[in-house]
Structures are given as structure tokens and as C-alpha cells.
Amino acid sequence: MSEKILVTGGLGYIGSHVVVELCAAGYEPVIVDNLSNARASVLERLERLTQRALTHYDVDIRNRAALETVLEREPGAGLIHLAAFKAVGESVEEPLKYYDNNVAGSVALFDVFERAGGGGIVFSSSAMVYGDVKVFPLHEGMPVQPNNPYGASKAMMEQVLADLAQAPGAKTRGLSLRYFNPAGAHDSALIGEDPKDRPNNLFPIIVQVAVGQRDHLTIFGEDYDTPDGTGVRDYIHVVDLAQAHVMALRALLDGAFEQPFTALNLGTGTPYSVREVVTAFERELGQTLPQKMGERRSGDVATLLADPSAAERAIGWSAQRDLPDMVRDAWRWAGAARQWGLWNDDDQS
Ligand code: NAD
Ligand code: UD1
């Protein structure tokens, strides 16, 4: 019988791709997702993609009693914890909402997991934990100094997981994965990012321009200290990211880490500017995208770039997909999603 792995947030953008990769690697994912930012139809599409019946519990991670029942019914030594709120701007306006869901929710989940026998926890963290740094690339030894409540919630949970794993007699070990800029979709076009609210990120905004839901892209600043003056990021294909979770979990369950807690960057280490992303889309679409130069966006940094070498050493992972792959898959997914009425014009305007 294959090993059960609890996946919180398993119906979300990244979690759904993790579920596919877990199935491909022979694990049995058990999804816990309260659908606060996912559609129920993701489950059907995941079942089509993986060709198997999947288990989903519509449970909030803050509900300890419900989590205990899930773990009694689905015992397993692996937990991949992705469930969280993730909008930086909203976290500044409503910090307690973020500390409640991301911090209190994770504490409840880790407590129930440890009491049920513990095992390995892979935690979704973010490059946001490094805050507004000006040195690149970023490596895991750099100080953790988040500058917004969302980033702080991730940094706090890394500390909680580290302390839990280091406690005398602890049965849990932890691995925190610090994602850079996830992009793209599964190449089946059955799953991908499905933003419920108006998106703020570059990829979904470009797609909206390409399909005519917006008249143009505003490039936020051309006077940064970067090669072409526009912002530089480390975009990582969501399937590469998902595969890293499976490799991380396997290494954790195999006892490959000397330390009870480890944090790893997940990026490609390859910098791409806003202009380069726009050009890659234009190449894929065979058309020019309407665009205007605008002011810098408040809170933006010039460059965000990972040193991903620690992940390669620790879990043997490195990204296999590049920017054209991300652009192609994001575009294909947007086409399919619009056909099914997922990404309708009313949602996005
Ligand atoms: P997402 O919103 O698509 O997925 C999160 C899922 O968790 C959703 O399906 C939502 O319904 C569920 N969820 C939220 N709160 C819950 C709760 N209390 N109980 C049960 N389920 C709950 O987001 P995503 O982009 O897939 O992100 C997944 C994780 O990765 C998050 O922890 C996020 O902070 C982290 N992360 C994301 C990015 C990014 O750019 N997408 C970057 C860095 C880190
Ligand atoms: C943003 C979030 C970050 C989150 C990440 C997830 C902010 C300040 N940061 O980061 O918390 O983890 O998304 O992927 O919200 N750009 C434009 N025009 C646009 C949109 C974006 O020029 O209409 C530029 C941005 O200035 C930036 C780059 O594109 O240089 C990437 O932007 P985005 O996709 O929003 O990612 P981040 O800014 O890295």
C-alpha cells in the first residue's frame, strides 16, 4: 500500500501541482483544503489528470478536532503544509487575519500532527522572509527580516517548526521551502493559477492584456539599477516547484538531514526582467502587447534572485524548466480556463 501524505492547501495553485507529483511518485495524497481560495472543480480536474480517486477533507486547519479525526482516519508520517493566505497588501491592511490563518492555523496543525505520532513536515515559505535586501543572490544563511505581516507570518512559522523539531523527544522534523516567484501551469492545462480576485502579479496580468481583459500592461518602473531598468525576479515553473516538494519530503522521511530543521531556497538562480518576460510572451503569442511605462509600485524591490545551490546539494533538485516553458504553459492554461468559464471577464475586471 502506498504511503499517505497529508497535503494542506492541496486544491490551491501550488498544492494541486504537488498532489499530481505525489501521485506520480507513488504516494497517496490526502488533501485538506477549506476551499477559501480554491474551486471544488479542481478536485475533478485533478482526478482526471491523475486517473485516480482522490481523498479531500473540507476542513479548516484551525479546527483541531476535525484535524484529529482526519489523522485518525488517514495516519501517515508525511505532511506538506501549503494552506495559508498569501496577499502581501491585504496582510498589511488585515494583519490579524494573516496571523490567525497562517500562524495560529499552522500551530494547531503541527500540534495535532506531532501528537498523532509526528514525522516529516515540509512547509511552504517565501523569499519574503528575507525582506528588503539589496544583495544578490540570496542564500539561506542571510538574515530573516521580513517587512510585512505576510512575510512575518512565514518567518514565525519557520521558527515554530525549528523549535518543535529541536525540542527534546520531538517526533517531527521540518523542512522549510522558500519559494521565489512561482509561474506557469501544468502542461495538461487541467490545473493552474485561478485567481479569484483581481490579480497583482505579472504573469496573470500579461495574460489579461493578451486576451483583451485589460487594455495594456503598466511596467512599474524603468529606472531600477538592473540591466534594462525594469524589475528583475527569479521566476520558477510551478511543476519544478511541485517536484521539489516530493524530493524534499522523500529526503526528510529517509532521514537525509543531520539537523532537525532546514530551510532551502527554491528558485532557478536565473534573473529575468519585466521586459524579458513581456518579450517572451510576445514571442509565444506572435503579437505585440500594448504596454505603458508607469511609476514604481510601492513596496517593490529592484531584484529578487535565489541562490538555489543548497537545494541541489540537500535534495538533488534543480529547476528543469525555463521562462519560455512558463510562458507557454501559463498561456495554454489561460485558454483552457477561459473555455471552462473559470477565468471569466467579470471575475477579472
Ligand atoms: P492558493 O491560495 O492557491 O492555495 C492555498 C490553498 O490553501 C487554497 O486552496 C485555500 O483554499 C487553502 N487554505 C487557505 N487557508 C486554509 C485553512 N485555514 N484551512 C484549509 N485550507 C486553507 O495559494 P498558492 O499560491 O498555492 O500558495 C500555497 C502556499 O505557498 C502558501 O502557503 C503561500 O503563502 C506560499 N507561497 C506562494 C507564493 C506564490 O507566489 N503563489 C510565493 C511564495 C509562497
Ligand atoms: C509579488 C508580491 C510578493 C509575492 C509574489 C508572488 C508585492 C509587493 N509582492 O512579488 O509578496 O510573494 O508577488 O509571486 O506585491 N510588474 C509590472 N507590472 C505589473 C505587475 C508587475 O511591471 O502590472 C513587475 C513588478 O514591478 C516586478 C515584476 O513585475 O518587478 C514581478 O511582479 P509580481 O509578479 O507582482 O511579483 P513580485 O513583485 O516579486
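Every number for a ligand or one of its atoms is a count from 1 in the order of the listing.
Residue S126 has no N or O atom closer than 3.5 Å to an N or O atom of ligand 1. Below 3.5 Å of separation, one finds no N or O of F180 facing any N or O of ligand 1. Polar contact with ligand 1: present for I14 (N/O pair, distance under 3.5 Å). The shortest N or O to N or O distance between K154 and ligand 1 is below 3.5 Å. Taking distance alone, with nitrogen or oxygen atoms compared against 3.5 Å, P182 stays at or beyond that limit from ligand 1. Below 3.5 Å of separation, one finds an N or O of G12 facing an N or O of ligand 1.
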Practice item. Take V30 and V7, measure what side-chain contact (heavy atoms from CB on, under 4.5 Å) needs, and give me the verdict at the end. Key: CA-CA 6 Å; V30 175; V7 186; over 6 Å; no
Review point. H186 and D329: side chain to side chain donor-acceptor pair (under 3.5 Å), yes or no, with the steps?
Key: CA-CA 7 Å; H186 196 268; D329 294 336; over 6 Å; no
Review point. Can you check side-chain contact (heavy atoms from CB on, under 4.5 Å) on T8 and I80, steps first, answer last?
Key: CA-CA 6 Å; T8 72; I80 301 183; over 6 Å; no
Practice item. Dump the intermediate steps for side-chain contact (heavy atoms from CB on, under 4.5 Å) on V277 and F203, then the final yes or no. Key: CA-CA 8 Å; V277 175; F203 268 68; 3.8 Å; yes
Practice item. Apply side chain to side chain donor-acceptor pair (under 3.5 Å) to T268 and Y235, showing your working. Key: CA-CA 7 Å; T268 63; Y235 298 96; over 6 Å; no
Exercise for review: Kindly determine whether Y150 and S126 satisfy side-chain contact (heavy atoms from CB on, under 4.5 Å), including the steps that lead there.
Suggested key: CA-CA 9 Å; Y150 167 72; S126 163; 3.9 Å; yes
Exercise for review: Could you check R332 against D187 for salt bridge (Lys or Arg N to Asp or Glu O under 4.0 Å), going step by step and ending with a plain yes or no?
Suggested key: CA-CA 8 Å; R332 198 183 284 165; D187 65 5; 5.2 Å; no
Review point. Would E90 and Y98 satisfy side chain to side chain donor-acceptor pair (under 3.5 Å), going step by step from the backbone distance to the final call?
Key: CA-CA 9 Å; E90 186 186 54; Y98 276 69; 2.5 Å; yes
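Using 4.0 Å as the threshold, H81 has no heavy atom nearer than that to any atom of ligand 1. Contact annotation: Y272 has no heavy atom less than 4.0 Å from any atom of ligand 2. Within the 4.0 Å heavy-atom shell around ligand 1 one finds S125. Within the structure, ligand 1 has V59 among the residues with a heavy atom less than 4.0 angstrom away. Ligand 1 has L35 within reach: a non-hydrogen atom of the residue lies less than 4.0 Å from it. Heavy atoms of G105 come nearer than 4.0 angstrom to ligand 1 in no pair at all.
Atom numbering of ligand 1 starts at 1 in the shown order; those under 4.0 Å from a heavy atom of Y150 are 33 (C), 34 (O), 35 (C), 36 (N), 43 (C), 44 (C). Interface of A83 with ligand 1, defined as ligand atoms under 4.0 Å from a residue heavy atom, comprises 7 (O), 13 (N), 16 (C), 21 (N), 22 (C). Listed by number with element, the atoms of ligand 2 under 4.0 Å from a non-hydrogen atom of I219 are 22 (O). The atoms of ligand 1 that sit less than 4.0 Å from any heavy atom of S36 are 10 (C), 11 (O), 13 (N), 14 (C), 15 (N). Close approach to N200 involves these atoms of ligand 2, each under 4.0 Å from a residue heavy atom: 20 (C), 35 (O). Of all atoms in ligand 2, numbered sequentially from 1 with element shown, those under 4.0 Å from a heavy atom of M128 are 3 (C), 11 (O). The contact set between ligand 1 and L82, taken as ligand atoms under 4.0 Å from a residue heavy atom, comprises 28 (C), 29 (C), 31 (C), 32 (O). Close contacts of ligand 1 with I61, meaning ligand atoms under 4.0 Å from a residue heavy atom, involve 17 (C), 18 (N), 19 (N), 20 (C).
Among all protein heavy atoms, the one lying closest to atom 10 (O) of ligand 2 is N181 ND2, 4.2 Å. T218 O, 2.8 Å is the protein heavy atom nearest to atom 18 (N) of ligand 2. Protein heavy atom closest to atom 34 (O) of ligand 2, with residue, atom name and distance, is L202 N, 2.8 Å. Of the protein's non-hydrogen atoms, the one nearest atom 24 (C) of ligand 2 is V274 CG2, 3.6 Å. Ranking protein heavy atoms by distance to atom 20 (C) of ligand 2, first place goes to F220 CE1, 3.5 Å. Ranking the protein heavy atoms by distance from atom 7 (C) of ligand 2 puts R297 NH2, 4.1 Å first. When only non-hydrogen protein atoms are considered, atom 17 (C) of ligand 1 lies nearest to N34 ND2, 3.4 Å. Of all protein heavy atoms, the one closest to atom 8 (C) of ligand 2 is D300 OD1, 3.7 Å. Among protein heavy atoms, the minimum distance from atom 39 (O) of ligand 2 is reached at R233 NE, 2.6 Å.
Proximity of D194 to Y13: side-chain heavy atoms (C-beta onward) are nowhere separated by under 4.5 Å.
Looking only at atom types and distance, the side chain of S106 has a donor-acceptor partner in the side chain of H81 under 3.5 Å away. In the model, Y27 has no side-chain atom that pairs as donor or acceptor with a side-chain atom of E21 under 3.5 Å. Between E282 and T288, the side chains place no donor N or O within less than 3.5 Å of an acceptor N or O (distance only, hydrogens not considered). Side-chain polar atoms of S125 and E158 form a donor-acceptor pair below 3.5 angstrom.
Proximity of V88 to ligand 2, defined as any heavy-atom pair under 4.0 Å, is confined to the side chain (atoms from C-beta onward). Under 4.0 angstrom from ligand 1, the non-hydrogen atoms of N101 all belong to its side chain. Of the heavy atoms in V232, none comes closer than 4.0 Å to ligand 2. Counting heavy atoms closer than 4.0 Å to ligand 2, residue Y235 contributes side-chain atoms (C-beta onward) but none from N, CA, C or O. Of the heavy atoms in L217, only side-chain atoms (C-beta onward) come closer than 4.0 Å to ligand 2. The parts of N201 lying near ligand 2 are both backbone and side chain, judged by heavy-atom distances below 4.0 Å.
Geometrically, R296 engages Y224 in a cation-pi contact, judged by NZ or CZ lying under 6.0 Å from the ring centre and within 45° of the ring axis. Cation-pi check for K97 over F85 is met; the charged atom lies under 6.0 angstrom from the ring centroid and within 45 degrees of its normal.
The closest donor-acceptor contact from the side chain of N201 to the backbone of P204 lies at 3.5 Å or more, if one exists at all. A donor-acceptor contact shorter than 3.5 Å is absent between the side chain of D254 and the backbone of A256.
Between Y130 and H139, the gap from one ring centroid to the other reaches at least 6.0 Å.
With a 6.0 Å radius and a threshold of 12 heavy atoms from other residues, nucleotides or ligands, E295 has its CD atom at or below the threshold.
Within the 4.0 angstrom cut-off, atom 5 (C) of ligand 2 has one or more protein heavy-atom neighbours.
Put simply, the residue from V32, L79, V112 that forms a side chain to side chain contact (heavy atoms under 4.5 Å, CB included) with L71 is V112.
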